[in-house]
Amino acid sequence: MPLSENEQRLLEQIERALVEDDPKFASTVRSTNPRTYLLRRVRRSGGLFLLGLVVLVVGVVINQGPLTVALGILGFVTMLFAALRGAADLRRMSGRGQESGRRPPGARGRSSSGGKTRQPRSSSSFMERVEERWRRRWEDNS
């Protein structure tokens, strides 16, 4: 169910008010690149992996009985978590993991385009994107 004219007008007013109140924030929101965010998460995962490795090595070096086992387990779990998180973020960055029928997070139901891939519109305004998402949301639920 598409937005009524009144709802569309209200959304346009909200967008204009946002741009007028805080143009820097509005431009930041429009220009946010998810790849930058994912790359930062991959770097953090690498650092966390190295921290886990250091904890594991320290646990082996001190050789104090139960403390060694605890540090070894903590280091291993930290390394495992970091590796899995980093691998998932790398997969999302490369675009893999969305093939073979898998959908990106938040996508539900069948696509309204009949299985055809949709090309992103680079010149669309914020409101057009919001309206398209709203339309898809209602089409997917029905």
Side-chain angles (χ1 to χ4, degrees), residues 1-62 64 66-142:
M1 175 164 76
L3 293 175
S4 69
E5 289 183 27
N6 185 37
E7 292 169 329
Q8 290 176 354
R9 193 172 32 257
L10 285 173
L11 282 174
E12 288 172 2
Q13 288 174 355
I14 292 170
E15 180 186 8
R16 271 188 256 119
L18 173 66
V19 171
E20 290 171 4
D21 289 346
D22 197 352
K24 184 177 178 183
F25 175 72
S27 68
T28 301
V29 169
R30 285 186 186 138
S31 66
T32 301
N33 184 357
R35 290 182 64 86
T36 304
Y37 172 72
L38 288 172
L39 186 59
R40 189 177 311 135
R41 281 183 55 130
V42 168
R43 288 182 181 146
R44 286 182 189 157
S45 295
L48 190 61
F49 185 86
L50 290 175
L51 178 68
L53 182 63
V54 167
V55 169
L56 182 68
V57 169
V58 166
V60 170
V61 168
I62 64 169
Q64 294 287 326
L67 184 60
T68 299
V69 174
L71 286 176
I73 291 172
L74 179 66
F76 176 75
V77 168
T78 303
M79 290 170 56
L80 181 64
F81 172 75
L84 292 175
R85 181 179 160 193
D89 291 336
L90 280 172
R91 194 174 320 118
R92 284 175 58 195
M93 252 176 57
S94 69
R96 287 184 287 144
Q98 295 179 6
E99 295 127 10
S100 68
R102 291 183 60 190
R103 294 184 171 275
R108 291 178 269 147
R110 291 181 14 184
S111 68
S112 59
S113 61
K116 298 177 184 174
T117 58
R118 194 171 50 93
Q119 296 295 325
R121 293 177 287 171
S122 59
S123 63
S124 63
S125 73
F126 171 77
M127 288 307 301
E128 289 172 345
R129 292 190 308 258
V130 169
E131 289 173 12
E132 177 63 27
R133 288 181 193 146
W134 182 263
R135 207 177 355 257
R136 275 189 275 137
R137 182 169 136 200
W138 284 104
E139 290 173 356
D140 288 347
N141 288 333
S142 56

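In this text, all values refer to a predicted model and were calculated from it rather than measured experimentally.
- Here salt bridge (Lys or Arg N to Asp or Glu O under 4.0 Å) pairs that include residues 34-49, with residues two or more places apart or in two chains, are Arg41-Asp89.
- The two residues Gly86 and Ser45 make their nearest non-hydrogen contact at N-OG, 3.5 Å.
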Would you list the atom pairs, donor with acceptor, under 3.5 Å between side chains in residues 67-82 and any protein atom, with sequence neighbours excluded?
| unit_1 | atom_1 | unit_2 | atom_2 | d |
| --- | --- | --- | --- | --- |
| Thr68 | OG1 | Gly59 | O | 3.2 |
| Thr68 | OG1 | Asn63 | N | 3.4 |
| Thr68 | OG1 | Gln64 | N | 2.8 |
| Thr78 | OG1 | Leu74 | O | 2.7 |

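- Under a 4.0 Å N-O distance rule, the pair Arg135/Glu132 qualifies as a salt bridge.
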Atom pairs and distances, donor-acceptor, side-chain atoms in residues 4-12, under 3.5 Å, two or more places apart:
| unit_1 | atom_1 | unit_2 | atom_2 | d |
| --- | --- | --- | --- | --- |
| Ser4 | OG | Glu7 | N | 3.2 |
| Ser4 | OG | Glu7 | OE1 | 3.4 |
| Glu7 | OE1 | Ser4 | N | 2.9 |
| Gln8 | NE2 | Leu3 | O | 3.4 |

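- Looking at residues two or more places apart in sequence or on another chain, you find a side chain to side chain contact (heavy atoms under 4.5 Å, CB included) between Leu51 and Leu48.
- The minimum heavy-atom distance linking Leu38 with Met93 is given by the pair CB-CG, 3.5 Å.
- Arg129 CZ to Phe126 CZ: the interatomic distance, rounded to the nearest 0.5 Å, is 7.0 Å.
- For Arg133, the side chain to side chain contact (heavy atoms under 4.5 Å, CB included) partners two or more places apart in sequence, or in a different chain, are Arg136.
- Glu15 is linked by a salt bridge (Lys or Arg N to Asp or Glu O under 4.0 Å) to Arg30, counting only residues two or more places apart in sequence or in another chain.
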